[in-house]
**Q** 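So that we are looking at the same thing, I have put the structure below in structure tokens.
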Protein chains: 2
Amino acid sequence: MDEIPGQTYLADCRARAAFDLLGNTWSPVVLWALRDAPRRPGALRTRIGGISAKVLTETLRRLEHNGLVERCSYPESPPRVEYALTPLGRTLLPALETLGVWGSRHGDAVLAAQDRAEESPR
Amino acid sequence: MDEIPGQTYLADCRARAAFDLLGNTWSPVVLWALRDAPRRPGALRTRIGGISAKVLTETLRRLEHNGLVERCSYPESPPRVEYALTPLGRTLLPALETLGVWGSRHGDAVLAAQDRAEESPR
DNA sequence: CAGCATCCCGGCAGATACTG
DNA sequence: CAGTATCTGCCGGGATGCTG
């Protein structure tokens, strides 16, 4: 991270790439739901829960556009569509897990801080 | 926020807390700029670069509201204001660094994928 | 220099209905 | 079941100007 002399924490820096990719509400969730195996959109929706079909396809398109996810359509009967992580997308999984662990561990503290901030002297 | 029984990669889950906190464009950058020592807003602006005063205060307010950053005003002459990471905010630094390292390492691959995706169907 | 008030814009996300 | 097309609301972010 300190490879870039004196500017690593600045606004324009490749170190921010991950944040831009994961900044959308559903991108991390979808990536995480794909971590074991390729999935069909319907299966993703069931697995994730609370995401609309439109938003799911939008998210998948975005991930595909960024090279993190691959779309595979199989001309069978009935036709089948699956989405899978690319090798690049797979390199992101450890970082995702790190953040997930942090959330599980400190999520309560964040909620507590929010409550504190909202109750106190408005 | 509904609570859905099930596994940790679902939509509503404390594992997503970190993404909600860092989902804003500038939150990660500001946190990272605060990692060594408390800073004054002016110093932060210079250090970060490319952030407007308004957006910086908004970001700091949000981080403060979430318990990641603390605002300290010193009644000196001239009056001084500093922002510092809270202990909770400091626990986030390793995860930030993980993502930063990923970006430095794979940012180019993402850019390449984007270029590829934008040239082909056009 | 800190910070707030306004106006504006664009993108994310949700709901709904429709096509193959 | 996969995917698209509208329409809508919300919020983050930028620009500018004003106050203490």
Side-chain angles (χ1 to χ4, degrees), chain A residues 10-12 16 19-31 33-34 38-66 68-84 114 118 121-122, chain B residues 1-2 4 10-12 16 19-31 33-34 38-66 68-84 114 118 121:
Chain A
L10 292 188
D12 300 299
R16 279 191 48 197
F19 298 105
D20 295 338
L21 294 181
L22 304 175
N24 318 33
T25 304
W26 294 104
S27 293
V29 185
V30 171
L31 285 177
L34 284 174
R39 303 273 174 186
R40 307 186 55 179
L44 282 176
R45 290 196 57 194
T46 331
R47 191 177 205 194
I48 292 175
I51 185 175
S52 76
K54 175 209 163 196
V55 174
L56 175 62
T57 32
E58 281 178 354
T59 306
L60 287 168
R61 289 277 181 282
R62 205 177 308 140
L63 294 173
E64 187 187 7
H65 180 267
N66 294 328
L68 301 178
V69 152
E70 195 181 11
R71 180 185 189 274
C72 317
S73 71
Y74 301 94
E76 306 173 353
S77 58
R80 189 161 53 99
V81 177
E82 274 190 353
Y83 290 88
Q114 290 172 350
E118 279 157 12
R122 167 107 22 165
Chain B
M1 261 210 224
D2 309 286
I4 299 180
L10 292 187
D12 299 295
R16 280 191 49 196
F19 298 104
D20 294 339
L21 295 181
L22 305 176
N24 319 43
T25 304
W26 294 104
S27 292
V29 184
V30 171
L31 285 177
L34 284 174
R39 304 272 174 187
R40 307 186 54 180
L44 281 176
R45 290 196 57 195
T46 333
R47 190 176 206 196
I48 292 175
I51 185 175
S52 74
K54 173 208 165 195
V55 174
L56 175 62
T57 30
E58 281 178 354
T59 306
L60 287 169
R61 288 276 180 283
R62 205 176 309 142
L63 294 173
E64 187 187 7
H65 179 267
N66 295 328
L68 301 177
V69 153
E70 194 181 13
R71 181 183 189 274
C72 317
S73 71
Y74 301 94
E76 305 172 354
S77 59
R80 188 161 53 98
V81 176
E82 274 189 353
Y83 290 89
Q114 289 172 350
E118 279 158 12

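Letters A, B, ... are given to chains in the order of the sequence lines, protein chains preceding strands, and every chain is numbered from 1.
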**Q** L60(B) CG to dG12(D) P: how many Å, rounded?
**A** 14 Å

**Q** Measure the shortest side-chain to side-chain distance between L22(A) and L31(A) over non-hydrogen atoms and say whether it is less than 4.5 angstrom.
**A**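 Sidechains of L31(A) and L22(A): in contact.
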
**Q** Taking CG from L56(B) and C1' from dA2(C), how many angstroms apart are they, rounded to a whole number?
**A**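 After rounding, the reported distance stands at 10 Å.
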
**Q** Would you compute the distance between atom CD of E70(A) and atom CG of L60(A) and round it to the nearest 0.5 angstrom?
**A** 12.5 Å

**Q** Counting primed atoms plus P, OP1 and OP2 as sugar-phosphate and everything else as base, spell out the protein contacts along nucleotides 8-20 of chain C at 4.0 Å heavy-atom distance: B, S or - for each nucleotide, 5' to 3'.
**A** ----SBBB-----

**Q** Let me know the distance between CZ of R80(B) and C1' of dG3(C), rounded to the nearest Å.
**A** 18 Å

**Q** Between dA2(D), dT4(D), dG3(C), spot the one nearest the side chain of Y83(B), thanks.
**A** dG3(C)

**Q** Examine distances only and state if a side-chain atom of R47(A) and a backbone atom of A33(A) form a donor-acceptor pair shorter than 3.5 Å.
**A** yes

**Q** Rounded off to whole Å, could you give me the NE2-to-C1' distance for the H65(B) and dC11(D) pair?
**A**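 Taking atom C1' of dC11(D) as the reference, NE2 of H65(B) is at 15 Å.
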
**Q** Any base atoms under 4.0 Å from R71(A), or only sugar-phosphate, or nothing? Heavy atoms, all strands.
**A** sugar-phosphate

**Q** Tell me: CD of E82(B) to C1' of dA2(C), nearest whole Å?
**A**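 Answer to the nearest Å: 13 Å.
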
**Q** Kindly say whether I51(A) contributes a backbone atom to a donor-acceptor pair with the side chain of R45(A) at under 3.5 angstrom?
**A** yes

**Q** Does R61(A) have a side-chain nitrogen or oxygen under 4.0 Å from the phosphate oxygens OP1 or OP2 of dT4(D)?
**A**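 R61(A) to dT4(D) OP1/OP2: side-chain N or O found under 4.0 Å.
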
**Q** How long is the straight-line distance from CG of L56(B) back to OH of Y83(B), given to the nearest 0.5 Å?
**A** 7.5 Å

**Q** Figure out the CZ/C1' separation between R39(B) and dC1(C), and round it to whole Å.
**A**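 That distance rounds to 17 Å.
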
**Q** Between P on dA2(C) and CD on E64(B), what's the gap in Å once rounded to a whole number?
**A**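 Distance, rounded to whole Å: 15 Å.
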
**Q** Can you find a heavy atom in the side chain of K54(A) that is under 4.5 Å from one in the side chain of E58(A)?
**A** yes

